[in-house]
Amino acid sequence: MKKIFLTLALAVAGVVAGGDASACTNFIITRGASTDGSIMVTYAADSHQLYGCLYKYTPAKRAAAMMPVYEWDTGKYLGDIPQAATTYSTVGNMNEHSLIITETTYGGREELVDPEGRIDYGSLIYIALQRARTAREAIDVIVDLANTYGYASSGESFSIADTEEAWIMELIGKGPGNKGIVWVARRIPDGYICAHANQARITTFPKDDPENCLYAPDVVSFAREKGYFTGDDDDFSFCDAYAPLNFSAMRGCEARVWSFFRTFADDMDKYVDYAMGYNADNRMPLWVKPAEKISPKQVFDAMRDHFEGTPMDMTKDLGAGGHGLPYRWRPMSFEVDGKEYVNERATATQQTGFWMVGQARPGKTGILWFGVDDAATSCLTPIYCTTTEVPECMAEDNGSMLEYSPTSAFWLFNRVTNFAYMRYDMMSADIRKVVDFWERSMIKAVEGVDFVVEGMSPRQQRKYLTQFSVNTANVMFENWTRLDKYLLIKYMDGNVKSEHDDVLRYVIGEGGDASHFVDNGNGRDIPGDIQFPGYNDKWKRAVAADNGEVLQAR
C-alpha cells in the first residue's frame with residue numbers, strides 16, 4: 001500500500017518517491033524486550049482500496065509446475081514463475097513455522113522502479129512465507145526472487161521474524177533495464193524494539209558482520225554509479241542515498257515510529273522536533289531499548305495510537321469537532337488563504353484494511369492476532385499459525401470493497417466504527433471496554449490452550465488449534481453484532497439512553513434485551529431518563545465565535 005505524500009512536503013521539500021504509496025505501520029519487539037519471551041511484529045495494512053480478510057495458503061499435493069503472480073495492490077497479472085518443490089502453509093502474514101513477514105512502503109527514488117519487473121512487494125511477502133522456514137531463509141528467497149524475475153514495486157521496508165530473530169530489511173529496484181534490487185538487512189539486537197512506517201530507516205551499517213547485517217554486494221557502488229553518494233564506504237547511508245528525508249517523511253511517517261518509541265523508551269521527547277518535521281539532523285536511532293519489558297496487550301494497544309499526549313494529539317484541536325474525533329478525512333493537507341497545513345497521520349487510521357500482531361513463540365505454536373478495520377475501534381482474535389481453516393467471517397471470498405456482506409467481519413466492524421466516528425468521545429469508550437475485555441480474555445484463553453495441547457500429536461494439535469481459532473472468531477463476530485445493535489439503540493439521533501448495566505453485559509449476551517435500558521416505568525418499553533449531552537466546550541466556543549450574533553439568545 002502506498003505512502004501518501006503531504007502536499008506541503010511536495011511544495012517545500014520535493015518528491016523522492018513517486019505515485020501513490022503504502023501507508024502501513026510495523027512495530028517489532030524482540031524476545032528480550034517482551035514479557036513472555038516471544039518475538040512480536042505488528043502490521044496495519046492501510047489502504048483506501050484494501051478489503052480486510054485473512055489470506056490462507058495450503059500446499060497442494062500435486063502442485064502445478066508454474067504459479068501466476070498478481071500485483072497485490074492492483075490485482076494486475078505480472079506473469080508466471082516456477083513453483084517451488086516444497087512449500088509451507090500460511091495464514092495471513094505468518095506461516096506454519098512461525099515465520100512472520102510484514103511491510104511498509106517508503107517509495108524512494110521514483111526512477112528506480114522497473115516497469116518490466118515480475119515480482120511486486122506483496123508477492124515477495126507471500127511467496128517467501130510459502131518457501132522459507134526462518135527469517136534468514138526468507139531474506140534469501142526475497143533477494144533471489146527479485147533478482148531473478150525483476151522487482152515491480154518501489155522502495156520497501158520489511159519486518160522479518162521467526163522464533164529466534166527479528167530483522168528489518170530495506171530494498172529498492174534498479175530502474176528500467178536493470179533487473180534486481182539493492183538492499184540491506186539488519187538484525188535487531190535482542191532486548192530492543194524497532195519500527196518503520198513508510199520511510200526507509202537504515203542509515204550506515206557494518207560491512208563485516210554477517211551474523212547481524214546482510215546487504216547486496218553493489219548497494220554502495222550502485223549508489224555511486226547513479227550519483228546518489230560520493231563519500232567513503234563507511235559513511236554510506238542506505239536511506240540517505242535511496243530515500244532522502246523530507247518534511248513528509250518525518251511528519252507523516254517517522255512520527256509514528258517516534259510515538260511508538262516514546263510509549264516504551266525513556267528520553268524520546270528530545271526527538272520531537274524531528275518527528276514534527278522540523279529538524280532532520282536530530283534523527284532517531286534505528287532501534288531503542290524499552291524501559292520495561294512489553295506485554296502482548298501493550299503491543300496491541302500501541303497500534304491504537306493517535307499521538308495522545310504529544311503536540312500532534314489529534315483529539316485536541318478544532319479539527320476533532322464537537323466529539324474529539326482523532327481522525328482527519330483525506331487528503332492529508334489543506335490550504336487556507338494561500339497557506340498549506342497538514343492533517344496528522346497517526347498509527348491508528350480509518351482506512352485500515354486489516355491489522356495484526358504476529359507472535360512467534362519459542363517452543364509453542366505461533367499466533368497471528370488478527371483484526372480488520374481501524375485498530376482503535378476493533379479487536380484482535382487469536383489465529384494459530386498452523387490452522388487449516390479460516391473463519392467464514394474473515395474469508396477472502398466473503399464480500400469485497402464493492403460488495404457488502406452481512407457475514408463479513410470487515411463490513412461489520414466498519415459499520416460499528418463509522419457510526420462511532422459521529423460521537424467518538426462517547427461511543428469509542430463503550431467500544432474500548434468490549435475490545436479490552438475480549439483481548440484480555442483471549443490472552444488468558446491462549447494460556448489454557450497451550451496447556452491442553454501439550455503432549456498431543458502434531459495432527460491432533462492442528463485440529464484442536466484450528467477449532468479454537470475458528471470458534472473464537474465466530475464468538476467475536478457474534479459479540480460485535482450485538483455491539484452494533486447496542487450502539488444504535490443507545491446513541492440514535494444524538495441522544496443517549498440511560499442503562500441499568502454496563503455495555504459488556506449486553507454484548508456478551510447476558511443482558512441484550514429491552515431490560516438493559518432504563519424505561520419510563522409504564523411497562524411499554526418507552527425510554528426514560530434520556531440524556532442530551534450536546535457538544536464539547538471547545539466546539540461551542542468556536543460556533544459562538546463564528547456565528548454568535550445570530551445564535552445568541554436575546
Side-chain angles (χ1 to χ4, degrees), residues 52-54 91-92 296-297 300-301 303-304 348 352-357 367-384 387 389-395 398-399 404-424 426-449 465-492 496-497 499-517:
C53 58
L54 185 56
V91 60
K297 177 58 174 163
F300 301 173
D301 290 341
M303 294 297 286
R304 299 182 166 112
T352 299
F354 67 83
W355 66 293
M356 49 149 283
V357 176
I367 301 175
L368 182 81
W369 295 90
F370 188 79
V372 291
D373 193 34
D374 183 348
T377 44
S378 64
C379 67
L380 295 171
T381 194
I383 306 290
Y384 280 86
T387 185
E389 297 177 32
V390 166
E392 174 62 19
C393 64
M394 298 174 176
N398 186 5
Y404 178 84
S405 169
T407 58
S408 159
F410 178 78
W411 281 115
L412 175 60
F413 277 82
N414 268 280
R415 280 171 55 91
V416 169
T417 299
N418 276 270
F419 186 43
Y421 290 156
M422 297 173 61
R423 307 194 69 148
Y424 196 83
M426 301 176 187
M427 289 191 228
S428 65
D430 281 334
I431 295 171
R432 187 59 185 268
K433 289 177 184 178
V434 182
V435 166
D436 289 343
F437 174 80
W438 174 260
E439 290 176 349
R440 291 184 179 124
S441 298
M442 289 300 99
I443 290 170
K444 190 68 176 177
V446 162
E447 294 176 3
V449 170
L465 296 177
T466 296
Q467 290 176 340
F468 174 82
S469 300
V470 172
N471 290 343
T472 52
N474 289 338
V475 172
M476 177 201 70
F477 186 86
E478 293 169 1
N479 286 350
W480 238 255
T481 299
R482 286 189 286 268
L483 178 60
D484 181 30
K485 297 174 182 177
Y486 166 88
L487 294 173
L488 179 60
I489 294 172
K490 181 175 178 180
Y491 293 102
M492 184 176 67
V496 180
K497 295 182 179 68
E499 52 195 327
H500 294 295
D501 301 305
D502 188 82
V503 58
L504 287 175
R505 286 281 314 270
Y506 193 102
V507 170
I508 64 177
E510 294 182 357
D513 53 35
S515 65
H516 178 88
F517 293 97

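- Across every non-hydrogen atom of Ile508 and Asn479, the tightest pair is CA-OD1, 4.0 Å.
- Separating the CH2 atom in Trp369 from the OG1 atom in Thr381 is a distance of 7.5 Å, to the nearest 0.5 Å.
- Considering CG of Leu54 and CZ of Phe370, their distance stands at 4.5 Å, rounded to 0.5 Å.
- The pair Glu439-Arg304 counts as a salt bridge, with a side-chain nitrogen and a carboxylate oxygen less than 4.0 angstrom apart.
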Audit row: Val416, Thr377, side chain to side chain contact (heavy atoms under 4.5 Å, CB included) steps and yes/no: CA-CA 8 Å; Val416 169; Thr377 44; 6.0 Å; no
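- Remark: the Tyr486 side chain and the Glu499 side chain contain an N/O donor-acceptor pair separated by less than 3.5 Å.
- For Ser378, the side chain to side chain donor-acceptor pair (under 3.5 Å) test picks out Trp355, with sequence neighbours left out.
- Tyr384 and Phe468 have perpendicular rings, their planes meeting at more than 60° on a 0 to 90° scale where under 30° would count as parallel.
- Across every non-hydrogen atom of Val357 and Leu380, the tightest pair is CG2-CD1, 3.8 Å.
- In this structure, Tyr506 and Ile489 approach most closely via the heavy-atom pair OH-CD1, 3.6 Å.
- The side-chain heavy atoms of Leu483 and Trp480, taken from C-beta on, include a pair separated by under 4.5 Å.
- Here the straight-line distance linking atom CZ of Arg505 with atom CZ of Arg482 works out to 12.5 Å at 0.5 Å rounding.
- Partners of Tyr421 by side chain to side chain contact (heavy atoms under 4.5 Å, CB included), not counting sequence neighbours, listed by chain and number: Leu325, Tyr327, Trp329, Gln350, Asp374, Thr417, Asn418, Tyr424.
- What you find for Ala473 and Cys393 is that their closest heavy atoms are O-SG, 4.1 Å.
- Side-chain contact between Tyr404 and Asn414 is absent, with no heavy-atom pair separated by less than 4.5 Å.
- Contact annotation: the side chain of Asp501 never approaches that of Ser515 to less than 4.5 Å [non-hydrogen atoms, C-beta and beyond].
- For the pair Met476 and Met394, the minimum side-chain heavy-atom distance is below 4.5 Å.
- Side-chain contact between Val434 and Leu504 is present, with at least one heavy-atom pair separated by less than 4.5 Å.
- Thr352 approaches Phe410 most closely through the heavy-atom pair O-CE1, 4.1 Å.
- Ser405 and Asn398 are linked by a side-chain donor-acceptor pair at a separation below 3.5 angstrom, with hydrogens and angles left out of the test.
- Atom-to-atom distance recorded for Lys497:NZ and Phe517:CZ is 7.5 Å, nearest 0.5 angstrom.
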Evaluate Phe300 against Cys379 for side chain to side chain contact (heavy atoms under 4.5 Å, CB included), listing each step before the verdict. CA-CA 9 Å; Phe300 301 173; Cys379 67; over 6 Å; no
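- Between Phe477 and Pro391 the shortest side-chain heavy-atom distance does not fall below 4.5 Å.
- With sequence neighbours excluded, the residues that form a side chain to side chain contact (heavy atoms under 4.5 Å, CB included) with Arg440 are Lys297, Asp436.
- Separation of atoms OG1 (Thr472) and CH2 (Trp438) is listed at 5.5 Å; rounding is to 0.5 Å.
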Salt bridge (charged side-chain N to carboxylate O under 4.0 Å, His left out) between Asp430 and Arg423, intermediate numbers included: CA-CA 11 Å; Asp430 281 334; Arg423 307 194 69 148; over 6 Å; no
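- The pair Arg432-Asp301 meets the salt-bridge criterion, since a charged nitrogen lies less than 4.0 angstrom from a carboxylate oxygen.
- The distance from the CD1 atom of Ile431 to the CG atom of Leu487 is 5.0 Å, given to the nearest 0.5 Å.
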